Every structure is written in C-alpha cells, then in structure tokens.
Amino acid sequence: MKIAVLISGGVDSAVAVHRLLEQGHELHLFYIRIGLDTDEGDCSAEEDIEMCRYIASRYHLPFEVVSLHEEYWENVMEYALRTVKEGLTPNPDIMCNKMIKFGYFERRWGHEFDKTATGHYATTHEIDGLCYLGTAVDPVKDQTDFLAQISYDQLSHLIFPIGDLPKARVREIAMATQMPNAYRRDSQGICFLGKINYNDFIRRHLGERSGAIVEIETGRKLGTHRGYWFHTIGQRKGLGLSGGPWYVVKKNVHDNVIYVSNGYDTARQYGRTLHLDEMHWITRDPWPDDCNRVEITFKNRHTPEFTTGHLTRLGAGEYVIESLTDVQGIAPGQFAVVYDRERRLCLGSGVITGRDITL
C-alpha cells in the first residue's frame, strides 16, 4: 500500500515508520507545521523537523513539511479560547485530531494515499464489515480518548502501526535499530504546541481579572485568582492556598468567583451523573433501537482507568451516564468518551454539560 505517515520527531511515529517498512509498504512522510501565536520562532518545531528529516534520510523516504497554521488557529484554538471564556473546559487535542490531522490534512494530502498512518496508541477492528476504533494494548499509553470525535470516513482511512505494542517494546525497537530519538521524552504539550505554557497562552488572549476564591461550604473568602478562565473543575494545583488540598468544585462566570472545597475526600469534588449533549458515534449508534439503560465503560479525562456505568438516551444527541462509582472532577465542556463493557472498543463521545439530571 501507499501510505502517508504523519511523523512528529518522536519515538512513536519513528517506530511506526520502521514497522510499516518491514511490512513492505510504500511510505511518504509528512510533518504538519503549526506556528505559535506570537512572532517568535518555535525552536521545538525546528528540532522536531530536523529529527524527521533524519528518519526520512535514513530510510530513503520522501518527506514534506506542510503548514496548517491558519486552519489550526482559526479552528482548534478559536474553539479552545471560546470554550474557556464561557467558563468551560476544552479539549484541544480531541479537536486537533478531528479537524487538523484527520480533517484538513486528509482533504489536501492524505486522500491521495491508500491509508494514513500515525504513531497513536490505538487499534482498529473490522466487525460485521464495519471499521471500529479499538483501545491499545498498553492501557497507560492508550490514546483513543483523543480520537473519540473523528468520523467514520476518517477512521476508515487510518492505521495505527504501534497500537498493538506496549510502550516499552516501542522503546526497545528504537534502541535496537539505533534511532537517535530512542530516549527522547514524550511530548506533554497541547497537540502541536509543544512546550507552550498554557496559562501564558490564555493570558495573552483573555488577559487577567482578579476575583475571589471562596470556600463553598462556608462562603468564606480564602484568596484571589487572576481570572476564572485559568481554572477548571477538579483542579487542585496552582490555587496558591494553604491548608490544602483544595479542589475547584464550581465557577461563577458572571461574578468571576472560584469555589473550592477542602480535603482529599470532599464529596463536592465527586459526582455520579454526567449529562451529555452533541453525542457523536464514530462508526454507528450501537443501540439504535433501545437505549433505555445499557451498560458501558467510560472516561471523563485522559487516564488509564475506565469507569463502569449505564448510558440512557434522552433525545437526539442527548444522553446521561450514571456511574456506578464516584467520578472526580466532572468538568462541563470536557468530553465523556464511551467504550463497550469489555473496554475493547471506543464507540464515541459527547460534551459534558454540567446539567443536574435526575432519571
């Protein structure tokens, strides 16, 4: 097959290239370049591109750096800033995969190839003639939650060459083949933005506005913050309060107030009901005729752990998840990602609204 491979300069996409070549495929490597929102150069991107050029040269493969700068800032970061300003918690990585990597890239370059490959930790499965997104072998590295908004057409064109490997084995392959990035640390940034400081980014666009931090049980003012947009439900670090731990449990956007609760076991940071809107099924609705109360597993944040619960459909695109255990930090604006009971298939995702629904 002729395969377009999205590489990042990291070890995962490099090993993906190595495995695809072992399988006899014809590869064309691509690096998607996204500039910063300032006039400063992006040193980390230059380092990444240099590593990508080395991989391409080593394996004698064609390599292109393609720019989707404007598309990224007009779509992904516009969504992130709008969501934050509304007091919600965005997930730029999910939207980046949907709109940039497998959206604009596919329409302009990827569609010319039989498949597009990435170094994501995920798998695909064919069931009854349909393609499904599957979880990775390595539960700690599994990235299906970041792919839970892609379309069926996008999924059908994707392959994940390392999804069947644990991360340790990926490192071993990189060391055995003497790749220069074998020991390179994994990226922890927002999608393409690498080492950007998230708070600095938010500050440049939304500024600062002093507000009160209030203990929700007593109404007592404990301190001040620089804007509700810097904080998310479930947050513990970065509050600057003594006598903790303190958790953000509520935000008043209109009055710019952050409400917190104290203690590791404070009930205020937990909930069991997640109301979802804009539900998106990747392949199809697995329960088209009867979704009165089906058992699922789900995630409401990027974590190796799955939570068991029941899913109920209320209306078109509107669902409720009832968790069997307490869920920490249910943040409106985030995505709840729905899996099957066996934790094998990632079925789709919906936006957490924060509405209090009693069934």
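Please read all numbers here as calculations on a predicted model, not as lab measurements.
- Note: Trp73 and His69 have tilted aromatic rings, judged against thresholds of 30 and 60 degrees for the angle between ring planes.
- A salt bridge does not link Arg272 with Glu322: none of the charged nitrogens is closer than 4.0 Å to a carboxylate oxygen.
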Under the criterion side-chain hydrogen bond (donor to acceptor under 3.5 Å, both in side chains), I'd like the reasoning laid out for His275 against Glu318: C-alpha separation, chi angles, the key distance, then a yes or no. CA-CA 8 Å; His275 177 257; Glu318 185 183 10; 2.7 Å; yes

Candidate pair Phe146 and Asn91, rule side chain to side chain contact (heavy atoms under 4.5 Å, CB included), full reasoning: CA-CA 9 Å; Phe146 293 136; Asn91 193 318; 4.2 Å; yes

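- No donor-acceptor distance shorter than 3.5 angstrom exists from the side chain of Glu208 to the backbone of Arg226, with no hydrogens or angles considered.
- Of the inter-residue distances, the one linking Leu20 atom CG with Ile162 atom CD1 reads 10.5 Å to the nearest 0.5 angstrom.
- Counting all heavy atoms, side chain and backbone alike, Phe63 lies closest to Cys52 at CZ-CB, 3.5 Å.
- Using a 4.5 Å cut-off on side-chain heavy atoms (C-beta onward), Thr116 and Phe105 make contact.
- The closest side-chain heavy-atom distance from Leu314 to Val320 is below 4.5 Å.
- Classification of Arg19 and Glu22 as a salt-bridged pair fails, no side-chain N sitting under 4.0 Å from a carboxylate O.
- Not a single donor-acceptor pair under 3.5 Å links the side chain of Asn300 to the backbone N or O of Val327.
- Ion pair Arg107/Glu71 not flagged as a salt bridge, since none of the NZ, NE, NH1 or NH2 atoms sits closer than 4.0 Å to an Asp/Glu carboxylate oxygen.
- The shortest distance between side-chain heavy atoms of Ile296 and Ile321 falls below 4.5 Å.
- Each of Tyr270 and Val248 belongs to its own hydrophobic cluster when Ile, Leu, Val, Met, Phe, Trp and Tyr are linked at side-chain heavy-atom distances under 4.5 angstrom.
- Both tests hold for Lys299 against Phe306: distance to the six-membered ring centre under 6.0 Å, angle to the ring axis within 45°.
- The closest donor-acceptor contact from the side chain of His157 to the backbone of Asp114 lies under 3.5 Å.
- Closest of all the heavy-atom pairs between Val11 and Ala174 is CG2-CB, 3.4 Å.
- In plain terms, the two heavy atoms of Ala148 and Ser349 that are nearest each other are O-OG, 2.9 Å.
- No path of Ile, Leu, Val, Met, Phe, Trp and Tyr side chains, each step under 4.5 Å between heavy atoms, connects Met51 with Leu6, placing them in separate hydrophobic clusters.
- When side chains are defined from C-beta on, Val260 does not count as touching Ile216, because their heavy atoms never get closer than 4.5 Å.
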Walk me through it: do Ser261 and Glu215 pass the test side-chain hydrogen bond (donor to acceptor under 3.5 Å, both in side chains)? CA-CA 6 Å; Ser261 187; Glu215 185 175 25; over 6 Å; no

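- In plain terms, the two heavy atoms of Tyr121 and Lys141 that are nearest each other are CB-O, 3.2 Å.
- To the nearest 0.5 Å, atoms OG1 (Thr89) and CD1 (Ile233) are separated by 6.5 Å.
- One hydrophobic cluster holds both Ile32 and Phe30 under the rule that ILVMFWY side chains link at heavy-atom gaps under 4.5 Å.
- Although no hydrogens or angles enter the test, the distance criterion places a donor-acceptor pair under 3.5 Å between the side chain of Ser13 and the main chain of Ser8.
- Looking only at side-chain heavy atoms (C-beta outward), Tyr339 and Arg344 stay at 4.5 Å or farther from each other.
- Nearest heavy atom pair, residue Ala331 against residue Thr232, reads CB-OG1, 4.0 Å.
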Under the side chain to side chain contact (heavy atoms under 4.5 Å, CB included) rule, what do Arg58 and His18 come out as? Steps first, then yes or no, please. CA-CA 11 Å; Arg58 172 176 175 171; His18 179 80; 5.9 Å; no

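- With hydrogens and angles ignored, the 3.5 Å screen pairs no side-chain donor or acceptor of Asp48 with any backbone N or O of Gly10.
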Would you please test Val5 and His25 for side chain to side chain contact (heavy atoms under 4.5 Å, CB included) and show each step? CA-CA 11 Å; Val5 187; His25 299 297; over 6 Å; no

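- His111 places a side-chain N or O within 3.5 Å of a backbone atom of Glu106 that can act as its donor or acceptor partner.
- Listed for the His225 side chain is a donor-acceptor partner under 3.5 Å among the backbone atoms of Gly227.
- The hydrophobic cluster containing Trp281 also contains Ile127, counting ILVMFWY residues as joined when their side-chain heavy atoms lie under 4.5 angstrom apart, directly or transitively.
- The OG1 atom of Thr135 sits 11.0 Å away from atom CG of Asp145, with the distance rounded to the nearest 0.5 Å.
- Two different hydrophobic clusters hold Val337 and Tyr319 under the rule that ILVMFWY side chains link at heavy-atom gaps under 4.5 Å.
- Seen from the ring of Phe201, Arg204 does not count as a face-on cation partner, given the 6.0 Å and 45° thresholds.
- Within the 4.5 Å cutoff, the side chain of Ile282 has heavy atoms near those of the Cys346 side chain.
- Remark: side-chain polar atoms of Arg301 are not paired, donor with acceptor, to backbone N or O of Phe335 under 3.5 angstrom.
- We find the CD-CD1 distance between Glu70 and Ile34 to be 10.5 Å, quoted to the nearest 0.5 Å.
- When side chains are defined from C-beta on, Asp255 counts as touching Asn252, because their heavy atoms get closer than 4.5 Å.
- Judged by distance alone, the side chain of Trp109 and the main-chain N or O of Val66 form no donor-acceptor pair under 3.5 Å.
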Can you list the steps and then say if Lys167 with Asp12 is a salt bridge (Lys or Arg N to Asp or Glu O under 4.0 Å)? CA-CA 8 Å; Lys167 178 72 179 198; Asp12 296 329; 2.8 Å; yes

Please assess Leu165 against Val137 for the test side chain to side chain contact (heavy atoms under 4.5 Å, CB included), listing each intermediate value before the final yes or no. CA-CA 6 Å; Leu165 298 177; Val137 165; over 6 Å; no

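- More than 12 heavy atoms of other residues, nucleotides or ligands shown are found within 6.0 angstrom of CD on Gln23.
- At a threshold of 4.0 Å, the pair Glu64-Arg33 does not count as salt-bridged, since none of the basic side-chain nitrogens sits closer than that to a carboxylate oxygen.
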Let's go through Ser151 and Asp153 carefully: what are the C-alpha distance in whole Å and the side-chain angles of both, what is the deciding distance for side-chain hydrogen bond (donor to acceptor under 3.5 Å, both in side chains) to 0.1 Å, and is it a yes or a no? CA-CA 5 Å; Ser151 70; Asp153 287 343; 5.3 Å; no

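- Ion pair Asp277/Arg355 not flagged as a salt bridge, since none of the NZ, NE, NH1 or NH2 atoms sits closer than 4.0 Å to an Asp/Glu carboxylate oxygen.
- Under the 4.5 Å side-chain criterion, counting only non-hydrogen atoms from C-beta, Thr353 is not in contact with Pro332.
- The CG atom of Leu311 sits 10.0 Å away from atom CZ of Phe298, with the distance rounded to the nearest 0.5 Å.
- To the nearest 0.5 Å, atom CG of residue Asp285 and atom CG of residue Leu347 are 9.5 Å apart.
- Thr312 and His310 share no donor-acceptor pair across their side chains, judged by distance under 3.5 Å alone.
- Side chain of Arg313 to main chain of Trp287: a donor-acceptor pair is present (N/O by atom type, distance under 3.5 Å, no hydrogens or angles).
- Nearest heavy-atom pair across Tyr228 and Lys85 is OH-O, 2.6 Å.
- The environment of CD in Glu217 is crowded: more than 12 heavy-atom neighbours from other residues, nucleotides or ligands sit within 6.0 Å.
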